[in-house]
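Reading through the structure tokens given below for one structure.
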Amino acid sequence: MSEMDRSALIGALPYARRFARALTGSQARGDALVAEALRGELEAPEGAREGRLQGRLVLYRAICRISGGSPTGVDGRGDGLSRPQRMLLLLTSLEELEPAQAAFALGIPVEEAVAHVEAARGHLRAGAVARVLIIEDEPIIALDLQQLVEAAGHEVVGIAASEDEAVAIAAAERPTLVLADVNLGAGGDGTSAVARIMRTQRAPVIFVTAYPERLLTGQDLEPAFIITKPFEPTTLAIATYQAVTRGVHLDPV
């Protein structure tokens with residue numbers, strides 16, 4: 001492997017971890033999947049035309065291959081999505097790939113990838129309904145998140161602007177999904193709030209941050225679901241769907 005290739009793969013690791021963790025619903029399983037991908041055969045896009053995305057695409061393709069992303073793969077979650085459909089939703093939304101790039105990752109024609117994505121998005125609102133706690137110190141952003149969460153078919157049981165408020169609401173409402181900003185300003189830290197909540201209950205957690213790479217080092221206990229600010233409404237809808245349908249596999253934060 002050339003020095004350029006090695007550098008591209010190192011730079012792609014946080015993105016590969018994010019994808020693999022969201023796919024499996026687990027930091028441990030996701031990071032193990034990335035490690036296995038690095039040990040296997042890595043295939044670059046033909047002609048290396050993808051530039052700065054080359055390392056990411058190489059790892060996405062390896063992850064999809066070893067985790068069963070064939071077009072006929074069955075996910076087994078009982079929610080109507082095949083495994084390739086779930087992968088393509090994450091690749092095109094969470095990882096912001098173009099359809100052709102996502103198709104490369106799965107090793108299928110672009111037209112087939114587009115059809116899979118369209119079919120998968122039709123299932124989003126059919127997923128389990130969650131009772132969501134939002135932890136966000138900016139009132140306008142919190143209200144925007146509430147509207148997006150409710151538009152995705154979920155119920156918001158509370159909005160907390162600080163660590164202490166988040167812990168209190170969680171104890172009273174027992175949410176089935178937590179959506180947390182990392183930086184709460186004077187109100188504390190979102191990761192600390194979630195850690196306190198998870199001492200007494202268990203629920204999937206999605207962290208929203210402008211600096212996702214800080215939570216994707218693979219060195220410490222880190223979250224399974226991370227979305228980057230700013231994000232599109234569809235990204236949040238897909239992340240909540242994946243967290244709810246994969247929530248039983250979450251590692252504690």
Side-chain angles (χ1 to χ4, degrees), residues 1-71 73 83-110 112-114 116-117 182 206-232 234-235 238-239 242 246 251:
M1 182 182 298
S2 70
E3 193 64 36
M4 181 179 298
D5 292 337
R6 187 176 294 107
S7 175
L9 289 176
I10 291 173
L13 281 175
Y15 303 97
R17 292 190 186 107
R18 178 172 60 183
F19 171 59
R21 291 177 189 180
L23 180 64
T24 61
S26 162
Q27 177 195 356
R29 274 182 288 276
D31 290 359
L33 198 57
V34 173
E36 184 179 352
L38 287 169
R39 290 193 295 268
E41 182 179 348
L42 299 176
E43 182 181 349
E46 184 179 353
R49 291 188 299 267
E50 303 298 338
R52 64 184 180 83
L53 283 178
Q54 182 181 354
R56 290 172 60 180
L57 293 178
V58 166
L59 289 178
Y60 293 146
R61 186 176 178 94
I63 290 166
C64 290
R65 183 178 63 248
I66 63 179
S67 57
S70 65
R83 194 164 184 80
Q85 287 173 337
R86 194 180 293 273
M87 289 176 174
L88 286 164
L89 277 180
L90 294 173
L91 288 169
T92 56
S93 182
L94 189 67
E95 301 304 319
E96 300 180 319
L97 296 189
E98 297 296 330
Q101 296 165 340
F104 168 82
L106 265 72
I108 60 176
V110 177
E112 187 174 338
V114 171
H116 273 311
V117 171
V182 172
I206 300 173
F207 278 103
V208 183
T209 175
Y211 306 100
E213 63 278 1
R214 297 178 182 177
L215 299 176
L216 293 163
T217 66
Q219 298 174 353
D220 301 304
L221 193 60
E222 296 172 333
F225 297 98
I226 303 168
I227 58 178
T228 305
K229 289 182 176 178
F231 56 85
E232 295 294 328
T234 302
T235 301
I238 291 171
Q242 183 71 355
R246 286 296 194 197
D251 299 323

Enter the distance from [X]:[atom1] to [Y]:[atom2] here, rounded to the nearest 0.5 Å.
X    : Y    : atom1 : atom2 : result
L88  : E95  : CG    : CD    : 12.5 Å
I227 : T235 : CD1   : OG1   : 7.0 Å
I108 : H116 : CD1   : NE2   : 5.0 Å
R29  : L23  : CZ    : CG    : 11.0 Å
C64  : L59  : SG    : CG    : 11.0 Å
Q54  : L9   : CD    : CG    : 8.0 Å

Looking at [X] and [Y], what are the two nearest heavy atoms and their distance?
X    : Y    : answer
P14  : G11  : CD-O, 3.5 Å
A113 : A103 : CB-CB, 3.8 Å
A224 : S26  : CB-N, 3.8 Å
F225 : A22  : CE2-O, 3.5 Å
A16  : V34  : O-CG2, 3.6 Å
I63  : A20  : CD1-CB, 4.2 Å

*asked:* Evaluate R18 against T228 for side-chain contact (heavy atoms from CB on, under 4.5 Å), listing each step before the verdict.
replied: CA-CA 11 Å; R18 178 172 60 183; T228 305; 2.7 Å; yes

*asked:* Would you say that T209 contacts P212 through its side chain, given a criterion of any heavy-atom pair below 4.5 Å between the two side chains?
replied: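 In contact.
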
*If we only count heavy atoms from C-beta on, is the L33 to S67 side-chain gap below 4.5 Å?*
yes

*asked:* Using the rule given for side-chain contact (heavy atoms from CB on, under 4.5 Å), can you reason through I238 versus T92, listing the C-alpha separation, both sets of side-chain angles and the distance that settles it, and then say yes or no?
replied: CA-CA 10 Å; I238 291 171; T92 56; 5.6 Å; no

_Matching residue for E222 among R21, R214, R17 - test: side chain to side chain donor-acceptor pair (under 3.5 Å)_ =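 That would be R21; it is the only one of R21, R214, R17 passing the side chain to side chain donor-acceptor pair (under 3.5 Å) with E222.
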
*asked:* Does E213 have more than 12 heavy atoms from other residues, nucleotides or ligands lying within 6.0 Å of its CD?
replied: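 Atom CD in E213 is crowded, with more than 12 foreign heavy atoms closer than 6.0 Å.
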
_F19 CZ: over 12 foreign heavy atoms closer than 6.0 Å_ =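 Buried by this count: over 12 neighbours within 6.0 Å.
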
*Take L57 and L97 through the side-chain contact (heavy atoms from CB on, under 4.5 Å) test and state the conclusion after the steps.*
CA-CA 9 Å; L57 293 178; L97 296 189; 3.9 Å; yes

*Do any N or O atoms from the side chain of R65 and from the backbone of G107 form a donor-acceptor pair under 3.5 angstrom?*
no

